[in-house]
Amino acid sequence: MSGTIKVLNVAEKPSVAKSVSGFLSRNQALRVRDGRSRYNRIFEFNYSIRGQPCHMLFTSVTGHLMELEFEDRFRKWHSCDPLDLYHAPVRKFVPEDKLDIKRTLEEEARRCQWLVLWLDCDREGENIAFEVINVCRAVNRHLTIRRARFSALIDREIHHAMQNLIDPNPWFSDAVDARQEIDLRIGASFTRFQTMLLRDKFVIDSATDDRNLVLSYGPCQFPTLGFVVERYWEVQSHEPEEFWTINCSHRSDEGVATFNWMRGHLFDYTCAVIVYEMCVQEPTATVTKVQHKEKLKYPPYPLNTIELEKRASRYFRMSSEHTMKVAEELYQAGFISYPRTETDCFSSRTDLHAIVQEQQGHPDWGSYAQRLLDPETGLWRNPGSGGHDDKAHPPIHPTKFSTGEHGWSQDHRTLYELVVRHFLACVSQPAVGAETTVEIDIAGELFSASGRVILERNYLDVYRYESWGGSMIPTYTVGQQFVPASLTLDTGVTRPPPLLSEADLLSCMDKAGIGTDATMHDHIKKLLDRFYATKDSNTRFSPTNLGEALVMGYDDMGYELWKPNLRSMMEFDMKEVSVGNKSKDEVLATCLQQMKACFFDARLNKVKLLEAMAVFFERSNRAVGGDNYAAGEVVRQCDLCQESSMVLKKNRDGNFMVGCSGFPQCRNAIWLPGSILEAAVTSNICSSCNPGPVYLIQFKFRQIEIPPGFNANHLGCIGGCDDTLRQLIEICGTGSRMSARGRGPTTTSSNGQRSSNRHNSCIHCQQTGHSSNDCPSQFSRSRNSQSHTNSENGDPSVSCSTCGMPCVLRTANTANNRGRKFYSCPSQECNFFIWEDGVSNGNGGRSIPSTNCSASNSGRRGGRGQSGRNRSHAADTTFVSATGDPVSNRCYVCGDPSHFANVCPNRGM
């Protein structure tokens with residue numbers, strides 16, 4: 001090599017860039033200048049890499065340089081069906097607040113020959129490294145890319161890394177890319193789904209501003225919540241059960257021994273009493289077994305991230321999130337090794353003695369370190385292996401001696417002490433104890449007692465967090481007999497398992513493969529931030545009503561979305577990507593296809609979520625829809641704005657409509673008949689309407705609000721091909737022109753008035769006591785009906801003008817017509833009706849033909865079986881409005897029978 005080359009070095013944080021620059025330059029001739037970002041300065045110095053003179057430029061990023069997000073048209077919550085997010089295009093981009101860092105990298109990369117990456121040596125750090133590579137290579141494709149691998153910010157480690165540069169690992173980066181995309185698509189789809197479904201329907205007391213409440217779903221977050229809820233359910237479902245046990249004690253000159261019944265306990269009181277009385281009648285105890293053996297209590301394995309978090313929680317009640325924050329600060333200051341590691345075994349290349357030597361001067365554990373290094377004490381023992389090695393970092397260990405630094409908090413001191421004492425313990429001999437076990441026989445029942453004496457404390461001398469309690473018991477010999485000092489029958493009750501502590505929760509996550517050592521604490525924190533769970537002063541977790549309701553809803557669906565199995569398989573697949581056994585695209589396709597199916601099923605069973613929420617929360621009287629356009633089910637693409645979807649929803653008055661999810665930017669809307677009771681989008685697609693797909697809607701109408709001949713259940717299309725829907729809109733009016741229930745009557749159209757009490761009274765005559773389909777005022781009155789006197793009782797008799805059958809005399813029970821009599825045809829095929837006093841006045845009955853009315857299924861008054869989307873209009877068809885007046889099937893604007901008034905081209909002219 002000849003000449004000086006310019007090397008651009010990039011660290012993950014400004015503090016790391018400053019520290020590494022200081023080590024490499026030995027703080028000599030170190031120049032500092034500002035970059036585009038005032039927080040990410042540039043350090044300049046000269047250095048030699050394997051004899052090659054280099055001019056070093058050292059700067060940094062601040063974590064991830066890029067973000068993964070959906071393209072703009074999918075980013076708004078109401079812009080698309082959440083199901084579309086499983087295949088919507090995504091892009092990686094530099095956000096606005098990182099553009100200055102990007103410009104710095106571009107400017108410096110243009111005039112450099114090498115790029116050396118000093119990002120953290122884990123998967124996440126490797127992914128950030130490739131983000132930096134992409135930015136720098138975009139302006140200088142001739143860059144030589146190298147990677148520095150290090151585990152501690154100490155002088156010898158940094159120089160070793162600089163002289164032994166390696167290639168960056170694309171598999172590590174691909175694994176993170178896969179995880180980011182999977183988490184984005186799953187998290188966004190389920191978060192939008194459950195937030196828009198539940199937020200406006202319930203008064204969620206955990207939210208200060210429930211209109212801005214986000215019910216987030218995370219692929220790791222929810223299984224973590226599942227552990228908390230599952231243990232909580234175990235505790236709540238536990239039923240205490242009383243049991244009985246026999247206890248025995250013996251006193252001698254050497255002390256007291258307590259013997260435990262080897263049966264444990266009995267739940268049958270009678271049996272326990274019988275056994276106890278046998279022992280009381282023959283109380284002499286005979287020693288049947290005396291066993292002496294040496295017991296070893298082994299020191300802990302070397303410290304990895306999960307164990308650090310668990311032990312900090314157990315010993316100091318420090319949260320895992322706070323533990324990692326303090327550990328990161330200690331690492332950046334150079335006092336401990338990299339704190340995010342799965343490794344719990346030291347390599348043979350690690351100089352363990354050198355680490356111990358640095359601790360000899362400490363006032364608390366320095367003397368123990370000296371004993372460890374003295375061969376005559378025999379205290380040294382090579383550390384055991386926990387069986388985990390991530391091939392990236394060693395276990396967490398001290399890298400610099402300190403008795404406490406200025407500016408350290410108590411937590412910094414406590415955590416540093418734990419790391420040092422743990423390291424000293426894991427290179428120490430185990431504690432040695434002598435354990436004695438004695439078994440006795442009383443009337444055929446066996447009892448046992450044990451005692452322990454610690455012979456050599458060894459690692460326990462420095463690892464004060466653990467104890468090995470024991471007690472002395474008197475000396476016994478086989479065959480010895482004695483009478484117990486006490487023999488009692490005691491009672492107790494079974495107890496439920498305790499709620500999960502933070503250490504327990506971390507163990508569950510680690511065992512199930514939920515998250516990584518670097519992310520587990522984040523998932524736990526999110527549960528607390530989202531108010532899905534709470535943590536008490538003993539670091540034990542309980543679910544909130546909101547957390548329990550969500551898990552209960554998904555559990556009732558039959559899909560174990562809150563169980564760890566799905567995420568565990570994903571984590572396994574991503575680990576396979578990181579070692580090159582699977583490709584990123586393969587894992588993405590498999591995981592997303594699986595979760596898309598789960599999402600589709602969850603949405604079909606959304607009623608389970610609603611039912612579960614209703615157990616814990618009151619229903620909200622806040623209107624769904626309104627100005628914010630509450631979420632709905634996608635029906636089709638909006639043909640007006642061409643960007644958003646048309647979704648089925650309710651307006652403030654509770655009426656159904658199909659509106660653009662891009663509201664208020666796009667105000668496209670289709671108003672549906674006001675007589676709809678229920679409506680749900682199905683997976684069926686209309687074969688006629690274009691552009692598609694246009695999903696069919698299953699409607700359920702209020703039978704009393706639609707004319708005879710129309711079925712209450714109708715599978716319809718809003719694309720324009722459904723005649724039944726068009727006729728009902730013309731007859732009944734739409735939700736846009738109708739009053740909300742209970743607000744009083746308003747004009748619906750030129751065809752008549754609707755009552756605000758339509759769900760309680762007949763919509764035709766405004767009376768109660770009969771349904772609208774049986775309203776006397778709507779039945780036919782034939783002008784040709786014949787009346788004559790019944791020969792037996794002298795009453796007038798009327799025949800149906802349609803079928804000729806004798807009519808039945810009935811009595812009305814409405815408020816205005818109670819007691820008034822009328823004739824009606826007994827055949828369900830006819831709708832003949834006439835008041836009795838109308839017969840004497842010569843008024844003919846009226847009949848409404850129904851045979852030519854289009855309906856989706858067979859009507860209750862005679863089935864036709866025609867599809868609701870067939871365009872069949874009989875010229876003689878007559879409909880009845882909400883007031884009972886006949887309505888022609890012609891357009892009332894221009895008179896053209898080929899269309900209805902709501903789509904008349906002359907309307908508004």
Name of the residue among R421, E466, R381 meeting side chain to side chain donor-acceptor pair (under 3.5 Å) with Y459: E466
CA sep, side-chain torsions, deciding dist, call: E376, R371, salt bridge (charged side-chain N to carboxylate O under 4.0 Å, His left out): CA-CA 9 Å; E376 294 184 0; R371 287 172 53 202; over 6 Å; no
Parallel, tilted or perpendicular: rings of Y463 and Y315 (30°, 60°): perpendicular
Y476 and F259 aromatic ring geometry - parallel, tilted or perpendicular at 30°/60° bounds: perpendicular
Audit row: Y269, W244, ring pair (Phe, Tyr, Trp, His ring centres under 6.0 Å) steps and yes/no: CA-CA 7 Å; Y269 175 70; W244 289 265; 5.0 Å; yes
Any side-chain donor-acceptor pair under 3.5 Å between [X] and [Y]?
X    : Y    : value
Q429 : N458 : no
T323 : S320 : no
H388 : T343 : no
D411 : S409 : no
T399 : S337 : no

Salt bridge (charged side-chain N to carboxylate O under 4.0 Å, His left out) evaluation trace for R231 with E234: CA-CA 5 Å; R231 174 58 63 87; E234 288 178 24; 3.6 Å; yes
Chi angles and distances behind the ring pair (Phe, Tyr, Trp, His ring centres under 6.0 Å) call for F190, Y217: CA-CA 6 Å; F190 274 94; Y217 180 99; 4.6 Å; yes
Please check if the side chain of [X] supplies one atom and the backbone of [Y] the other of a donor-acceptor pair under 3.5 Å.
X    : Y    : value
D504 : S501 : yes
N304 : T341 : no
S313 : E309 : no
R540 : L499 : yes

Are [X] and [Y] packed together at the side-chain level, in the sense that at least one heavy-atom pair is separated by less than 4.5 angstrom?
X    : Y    : value
F447 : N260 : no
T544 : T534 : yes
T305 : H521 : no
M552 : E611 : no

Does a sphere of radius 6.0 Å around [atom1] in [X] hold more than 12 heavy atoms from other residues, nucleotides or ligands, not counting ones at 6.0 Å or beyond?
X    : atom1 : result
F316 : CZ    : yes
K295 : NZ    : no
M472 : CE    : no
F243 : CZ    : yes
E618 : CD    : no

Look up atom [atom1] in [X] and atom [atom2] in [Y], then write down how far apart they are to the nearest 0.5 Å.
X    : Y    : atom1 : atom2 : result
C591 : D573 : SG    : CG    : 5.0 Å
M569 : M574 : CE    : CE    : 11.5 Å
K297 : E456 : NZ    : CD    : 16.0 Å

